[in-house]
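Contents: one structure, followed by commentary.
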Amino acid sequence: MTNSSREPDTPTQSSRHGGRSSVQQELAGSWREGSVNQPRHNPEVRISIQFNFVCQSHSQNSVNTTSNLQARYGDRLSPKEWEREEYRCKLVEELHRGGPGEEIKFPSLMDELGLGDKYLAYLNETTGSFDQLANEVSSVCSVVSTRDHQKSRASLAEKDYVEGFKHVLDKLSTFSPNGLPPDHLPTRYAYMDCQNKALEPSNLKPDLVFSLVDTTVSHMKDVHLILEAKGHMERDTAYEKHLGQLADYALKLKTVQPMRKFVPVLFLYGYQLDLVVFTHGGYYFTCIGTTLYEDENERGIFDIMARNTLRDLWFILILPLCEFGHIINSLSMPRSAQLNTTTTPGSLVPLPTSRGSDLQGIKRINRKVHITGRCTYLFRASYEGKEVVFKLTWLRTNRLPEGAVYKVLEDGNVPNLPTIFASGILVKDFCGHRLEYLVIEYCGESIVDHIRNMRKNGAFASEVADMIKTCTRSVIHTLAAALRSNVLHRDVLPGNITTDGTRVFVIDWGCAKLTALPSAGQAADMLSRWGFDSSGVVRKESEKDPFTGTQMYMSIPTLFKISKRSIFNEIESLFYVVLDSLSDRIRDGRSEDALGFALYNESNLAMVRIGILGDDQRYLSNFGVGLIGPSELKNILDAMRKFLFFEGDLYIGGQLQDFYERKVDSSVATRFMNQATLNLLTETLAQQHAAQSMPSSPVDSTTLDPSTMAINSQPDPPRWQIPPTAIAASSGEGSGLVNRPLLSHADDSFELVMPVFGTATTSLNRGSLERPINEQATSSASLSGPAVSIAEQSNPAAPTGGAGGLAPSDVLSRKRNPDEKMDDDSTEEPSNKRRH
């Protein structure tokens with residue numbers, strides 16, 4: 001690939017290459033601007049580059065947070081810019097949730113990325129090859145100057161540093177080190193300047209992007225590698241200000257390129273060049289070199305250090321896609337592919353045309369992707385003539401594989417599951433994560449969408465009632481049968497309950513947990529097929545109980561982070577799914593008529609639901625449910641509510657703030673589940689209770705399985721205590737909420753009444769529940785809008801200003817998107833081992 005705008009070779013370069021081969025001539029400029037009509041570099045502005053291979057010490061940087069944005073930018077940002085910066089701050093908070101990034105030297109980073117052996121071979125092959133190139137680069141990139149004066153590096157703009165880096169890339173594009181075969185030459189990538197060109201889908205403008213040669217770059221899906229340049233600044237300051245922007249680039253690439261293993265970003269801040277690598281567990285950063293000297297006396301140092309830095313930069317720029325960041329040698333997901341399932345790990349081979357039993361017509365299903373933690377990509381496809389969903393999931397290697405869960409459920413003859421046509425792993429272990437694949441029967445649309453479409457298309461109310469009745473009974477039977485096989489789903493939500501019009505399916509068991517150790521055969525299968533050691537699976541998954549699920553459909557105990565899950569949590573989530581299918585709420589949760597689905601943080605949403613569900617007359621309207629037709633449908637909803645939140649006539653909503661063992665009310669259960677399901681449920685719960693009550697026998701400490709140890713060695717922190725007697729006393733009646741609901745209404749307001757002992761109270765309203773933490777903590781004054789008055793139990797041992805042992809920051813934590821699945825992996829210790 002040639003470029004008419006390329007500057008003439010220097011005499012040194014020409015004499016070295018002499019008469020270049022046709023291949024070398026074609027490679028000249030292959031990393032230059034993608035268009036042959038790019039303007040010529042200004043020959044009067046020449047940038048000198050000083051490289052430093054030694055990785056400098058670096059204390060953990062601070063980062064922008066939403067709380068210091070105002071202090072940093074004041075009123076200088078437009079609303080759109082403020083929204084972007086706030087988004088990037090939250091992205092960094094998510095990135096650092098498991099710990100800081102890891103500073104690492106370049107050879108060690110290559111080891112982490114699985115390139116250690118290749119890098120060592122490359123070093124042996126290129127010994128002494130970069131000495132001459134270092135001299136050539138220093139000749140081209142001399143002291144920064146114009147015709148009349150020199151610029152100090154502090155006064156250079158970002159574009160000056162970008163131009164200097166282009167000079168280095170132009171020299172590298174013609175480089176042919178001794179000892180390397182032709183396939184190591186830089187034939188793969190061309191760079192393009194995007195400083196003034198926005199890339200879809202988010203109108204981002206990276207300074208330089210690298211893509212395959214002869215590729216027209218207009219979308220992030222065409223990009224292999226990004227370089228972002230900033231002005232001269234200290235390293236701590238650079239990462240504090242701009243890590244969010246780098247993470248933004250990484251997330252966009254990760255979202256549009258599902259075949260990514262990791263995302264590399266070159267970060268040039270002034271004279272310093274770093275490589276930042278974003279993985280599913282966090283990020284690494286390494287110093288490649290420093291890129292400026294202002295004094296001619298520094299040139300000798302530059303010549304010595306440049307050879308190592310140029311060598312490492314050249315190494316990452318010649319690696320094929322499948323070795324540097326991608327699973328396959330392609331930037332995009334192929335339309336057709338062959339699954340090799342005969343080996344572990346398997347492989348996905350792109351095919352030019354569809355054939356045989358391969359995956360055909362692969363088409364992406366949009367799904368949100370996170371910067372770290374569990375990451376799932378979904379595709380519609382055809383497999384062996386059947387319509388399927390192809391699912392790829394990145395997950396920590398110590399977490400239970402979804403395919404293994406389906407095998408346990410299959411062994412237990414659990415009904416209403418999709419057929420699994422193929423399953424396995426594509427990446428066994430990369431930076432502590434594996435890539436699992438599933439080829440699953442297509443199961444139709446979500447139950448909420450199906451019921452809403454029925455209502456929209458004029459179905460009779462009796463037909464809607466029959467559908468909900470069938471769905472409720474089928475799902476509860478599946479959950480009960482799964483419990484018999486020692487499995488809890490833990491993420492019951494509309495998208496995971498589907499129907500094709502004839503059957504109801506319970507899908508997506510990726511967040512499931514085992515409540516007991518698997519059988520010997522199952523454990524052997526997990527080890528041989530998935531490389532998964534199940535010896536500690538019960539303990540490991542139970543640690544994630546308080547953090548797993550989707551907020552909008554979480555049970556009240558889970559919203560309060562109670563560290564133990566049961567099937568009652570599953571049935572409560574199903575209850576919210578049914579309410580949502582009948583609700584007329586706006587789907588983003590902002591409907592004033594759907595208080596039970598409002599955008600509160602976890603604990604506040606739990607408190608509001610406690611108040612709502614105690615009101616016999618208005619609980620449906622507060623979930624956005626209007627007139628629902630036949631009494632049979634309301635009987636189902638009332639029965640589920642009574643089953644979950646009452647013992648006899650006593651409302652137990654307040655008790656769910658701590659672990660509370662709910663009991664099966666058989667007289668109510670048969671109104672929304674089959675008798676066979678009830679028998680299965682009561683029998684299974686009795687067996688599990690008996691197993692937990694058995695006295696433990698003496699065990700040799702050397703053979704003790706950690707998964708059999710008590711999970712909750714420490715009690716949950718004290719929370720708001722609302723004993724039934726207190727609720728009863730508040731109403732002056734023995735049964736409490738039967739005569740006095742927790743949620744009382746006026747013309748345009750509601751009041752959430754939580755009776756207490758003592759005098760400590762906190763007054764909140766709906767507006768304050770949604771306000772930022774710092775505003776909530778400093779004001780309890782009534783604002784416009786319906787008011788919520790919450791009284792809390794006084795606790796002498798609680799921190800000042802807290803509620804029952806919870807500090808205000810715990811009670812009034814920031815909002816989470818309620819439809820967003822909580823990434824339980826984000827609370828783990830990151831897979832990165834070295835810390836600074």
Side-chain angles (χ1 to χ4, degrees), residues 472 475-476 479 492 549 551-560 562 564-580 582-583 594-598 600 602-625 633-673 678 681 685 719-728 730-731 733-744 750 752-755 790:
T472 302
V475 173
I476 293 178
L479 297 175
V492 176
Q551 177 183 325
M552 185 68 76
Y553 306 98
M554 279 182 175
S555 66
I556 290 173
T558 307
L559 289 171
F560 276 125
I562 303 302
K564 188 172 182 180
R565 298 285 274 265
S566 73
I567 195 170
F568 287 93
N569 301 97
E570 316 268 85
I571 298 174
E572 186 178 342
S573 294
L574 176 61
F575 177 58
Y576 299 134
V577 170
V578 174
L579 289 173
D580 195 16
L582 297 170
S583 174
L595 186 62
F597 290 121
Y600 300 140
E602 291 94 333
S603 58
N604 286 336
L605 179 59
M607 290 190 292
V608 169
R609 283 181 174 173
I610 289 174
I612 289 173
L613 291 166
D615 189 336
D616 294 324
Q617 303 301 319
R618 293 185 173 91
Y619 82 92
L620 288 176
S621 62
N622 278 297
F623 280 100
V625 180
L633 182 53
K634 188 169 189 307
N635 287 340
I636 292 174
L637 296 173
D638 288 343
M640 294 184 74
R641 169 176 166 268
K642 189 170 180 60
F643 178 83
L644 292 166
F645 305 107
F646 284 81
E647 285 188 6
D649 291 331
L650 182 64
Y651 180 64
I652 61 170
Q655 300 299 97
L656 300 180
Q657 297 173 86
D658 273 308
F659 175 68
Y660 185 85
E661 188 171 355
R662 292 188 263 196
K663 301 175 178 61
V664 176
D665 186 341
S666 301
S667 63
V668 177
T670 52
R671 291 161 55 185
F672 63 93
M673 70 174 75
L678 176 60
L681 180 61
L685 289 174
R719 303 177 187 272
W720 298 276
Q721 304 296 323
I722 310 178
T725 54
I727 297 175
S730 71
S731 63
E733 303 291 341
S735 59
L737 292 174
V738 173
N739 297 317
R740 166 83 182 278
L742 281 182
L743 191 67
S744 61
F750 61 88
L752 182 60
V753 182
M754 291 190 176
I790 302 176

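As the structure is a prediction and not an experimental result, all values here were calculated from the model.
- Aromatic rings from Tyr576 and Tyr553 are positioned such that their centres are separated by 6.0 Å or more.
- Taken to the nearest 0.5 Å, the CD atom of Glu602 stands 9.5 Å off from the CG atom of Asn604.
- Side chains of Leu613 and Phe646 form no contact here, defined as non-hydrogen atoms less than 4.5 Å apart.
- Scored by the salt bridge (charged side-chain N to carboxylate O under 4.0 Å, His left out) test, Glu572 finds Arg662 as partners (sequence neighbours excluded).
- Between Met554 and Leu605 there is no side-chain heavy-atom pair separated by less than 4.5 Å.
- For Glu647 and Tyr660, the side-chain atoms include at least one donor-acceptor pair closer than 3.5 Å.
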Intermediate values then yes/no, side chain to side chain donor-acceptor pair (under 3.5 Å), Asp615 and Tyr651: CA-CA 10 Å; Asp615 189 336; Tyr651 180 64; over 6 Å; no
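- The ring pair (Phe, Tyr, Trp, His ring centres under 6.0 Å) check on Phe643 picks up Phe568, Phe672, with sequence neighbours excluded.
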Please test Leu620 against Leu579 for side-chain contact (heavy atoms from CB on, under 4.5 Å), starting from the C-alpha separation and ending with a verdict. CA-CA 8 Å; Leu620 288 176; Leu579 289 173; 3.6 Å; yes
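- Side-chain contact between Ile610 and Leu656 is absent, with no heavy atoms from C-beta onward closer than 4.5 Å.
- Side-chain contact between Pro557 and Phe659: absent, with no pair of heavy atoms (C-beta onward) separated by less than 4.5 Å.
- Expressed to the nearest 0.5 Å, how far CG of Asn622 lies from CD of Gln617 amounts to 12.0 Å.
- Residues passing the side chain to side chain donor-acceptor pair (under 3.5 Å) test with Ser555, sequence neighbours excluded: Thr558, Asn569.
- Val492 places none of its side-chain heavy atoms less than 4.5 Å from the side chain of Ile571.
- With hydrogens and angles ignored, the 3.5 Å screen pairs no side-chain donor or acceptor of Arg671 with any backbone N or O of Ile636.
- Under the 4.5 Å side-chain criterion, counting only non-hydrogen atoms from C-beta, Leu559 is in contact with Arg609.
- Using a cut-off of 4.0 Å between Lys/Arg side-chain N and Asp/Glu carboxylate O, Asp649 and Lys642 are scored as salt-bridged.
- Counting heavy atoms from C-beta on, the side chains of Phe645 and Phe575 come closer than 4.5 Å.
- Salt-bridge check for Asp616 with Arg641: passed, with a basic side-chain N closer than 4.0 Å to an acidic carboxylate O.
- Closest of all the heavy-atom pairs between Thr670 and Leu678 is CG2-CD2, 3.6 Å.
- Taking CD1 from Ile567 and OG from Ser573, the interatomic distance works out to 11.5 Å, rounded to the nearest 0.5 Å.
- For the atom pair CD1 of Ile652 and CG of Leu650, the computed distance is 8.0 Å after rounding to the nearest 0.5 Å.
- Between Phe623 and Leu582 there is no side-chain heavy-atom pair separated by less than 4.5 Å.
- Side-chain atoms of Gln657 come within 3.5 Å of backbone atoms of Gly654 as a donor-acceptor pair (strictly under, hydrogens ignored).
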Go through Tyr600 and Leu595 one step at a time and tell me if the side-chain contact (heavy atoms from CB on, under 4.5 Å) criterion holds. CA-CA 9 Å; Tyr600 300 140; Leu595 186 62; 3.2 Å; yes
